[in-house]
Asker: 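Shown below is the structure under consideration.
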There are 2 protein chains.
Amino acid sequence: MKRGLSQTCYVFFSVISNPTRLAILEGLLGQPMNVSQMIERLKQNQSMISHNLRPLLRCGFIKVERRGKERIYSLNGDTVEHLFKIVENHSRKYCPTMGVCPQRRTK
Amino acid sequence: MKRGLSQTCYVFFSVISNPTRLAILEGLLGQPMNVSQMIERLKQNQSMISHNLRPLLRCGFIKVERRGKERIYSLNGDTVEHLFKIVENHSRKYCPTMGVCPQRRTK
DNA sequence: TAAATATATGAGAAATTTTTCATATCATGA
DNA sequence: TCATGATATGAAAAATTTCTCATATATTTA
């Protein structure tokens, strides 16, 4: 089931609809980091982090730069900031209980 | 693994990272619709549509109004418009091949 | 060049999500 | 109130995604 804009959005959103990847992005919002720092910060094993960096990279959410044996990851542009802002607004306005929203929502 | 903002974002994004739900939202961008119209438009069975409407409703992406036996669904606010705009910008700028992005992305 | 450190990768197991199928509910009109 | 049309729901099967474990690669330093 592939359809124009929806299709692009699907690739885009499926990359960021994952707790580990979101936590990585949230971390990078503060400052660039290497993998070891992410491991420490997220308390996840190295493989986990590494596997999750890949889709973020592939879809241009982040970029990477080599420094010695380390790799420094950082956010690519301000897509992530914008996104997070939208989520905040939306959840404040329409879903204040943050994911534990009421069943129905009628006008 | 639950963490603050990431957690909210996770609920939010997992609701919209699905082709059927995105197509529903894309459709509603044009005009409100009842379920039968969605079935026709998306060429999906009724159960499929109905199951997918629920999370959209629960997280406030859409709202519903009853009219006789029908239910008219429409977008709630302009979260969806904003989101789609961000995706368009991002993919144009960082991922022009739309999901078939190059493996790596180094500065 | 061998060892050590940092990170990536592949494959299978585990977990989650989606889809289908059968059935339930609810409003309307005969 | 019965039949019909519109939509919702629950449970199990099917598909997809995530996670883990073992191993590979690349860079630096001794």
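Hydrogens, waters and symmetry mates are skipped; everything else that's a heavy atom, side chains included, is used. Residue numbering restarts at 1 for every chain, and letters A, B, ... go by the order of the sequence lines.
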Asker: Roughly, in whole Å, what's the span from CG in A/Asn52 to P in C/dT9?
Answerer: 13 Å
Asker: Hey, is the side chain of B/Asn18 poking within less than 4.0 Å of OP1 or OP2 on C/dT17, counting only N and O atoms?
Answerer: no
Asker: Using a cut-off of 4.0 Å on non-hydrogen atoms, how would the nucleic acid contact of A/Ser36 be classed: base, sugar-phosphate, or nothing?
Answerer: sugar-phosphate
Asker: Please test B/Ile49 against B/Gln46 for side-chain contact (heavy atoms from CB on, under 4.5 Å), starting from the C-alpha separation and ending with a verdict.
Answerer: CA-CA 5 Å; B/Ile49 300 287; B/Gln46 185 269 314; 5.9 Å; no
Asker: From the options C/dT19, C/dT9, D/dA6, select the nucleotide whose nearest atom is closest to the side chain of B/Met48.
Answerer: C/dT19
Asker: Which whole-number value in Å describes the distance from A/Leu53 CG to C/dT7 C1'?
Answerer: 10 Å
Asker: In whole Å, what is the span from the CD1 atom of A/Ile39 to the C1' atom of C/dA8?
Answerer: 11 Å
Asker: Side chain of A/Ser47, heavy atoms from C-beta onward: which of C/dA6, D/dC21, C/dT7 has the nearest atom to it?
Answerer: D/dC21
Asker: Determine the contact category for B/Arg67: base if any of its heavy atoms lies under 4.0 Å from a base atom, sugar-phosphate if only primed atoms, P, OP1 or OP2 are that close, otherwise nothing.
Answerer: nothing
Asker: As a test of reading the structure: which of C/dT17, C/dA8, C/dA4 is closest to the side chain of A/Val35, going by heavy atoms?
Answerer: C/dA8
Asker: Just how far, in rounded Å, is P of C/dT19 from CD1 of B/Ile24?
Answerer: 11 Å
Asker: If we ignore angles and hydrogens, is there a donor and acceptor under 3.5 Å between the side chains of B/Arg71 and B/Asn34?
Answerer: no
Asker: A/Arg71 CZ to D/dT25 P: how many Å, rounded?
Answerer: 14 Å
Asker: Quick one: B/Asn45 CG to D/dT7 P, roughly how many Å, whole number?
Answerer: 14 Å
Asker: Taking for each residue the nucleotide of DNA chain D with the nearest heavy atom, is it A/Ser17 or B/Gln37 whose nucleotide lies nearer the 5' end?
Answerer: B/Gln37
Asker: Taking atom CD of B/Gln31 as the centre, report whether more than 12 heavy atoms of other residues, nucleotides or ligands fall under 6.0 Å from it.
Answerer: yes
Asker: Measuring to OP1 and OP2 of C/dA27, would you say a side-chain N or O of B/Arg66 lies under 4.0 angstrom away?
Answerer: yes
Asker: Which pair of non-hydrogen atoms, one from A/Tyr94 and one from B/Asp78, has the smallest distance, and what is that distance?
Answerer: OH-N, 4.4 Å
Asker: Would you mind reporting whether B/Tyr73 and B/Ile24 have side-chain heavy atoms less than 4.5 Å apart?
Answerer: no
Asker: May I have the distance from B/Lys69 (atom NZ) to C/dG29 (atom P), rounded to whole angstrom?
Answerer: 7 Å
Asker: Would you tell me if any nitrogen or oxygen in the side chain of A/Tyr73 comes within less than 4.0 Å of OP1 or OP2 on C/dA8?
Answerer: yes
Asker: What's B/Gln46 touching, base or sugar-phosphate or nothing? Going by heavy atoms closer than 4.0 Å.
Answerer: base
Asker: Are the ring of B/His51 and the six-membered base ring of D/dT9 within the stacking cut-offs of under 5.5 Å and under 30°?
Answerer: yes
Asker: Whole angstrom is fine here: how far is it from CD1 in A/Ile16 over to C1' in D/dT17?
Answerer: 16 Å
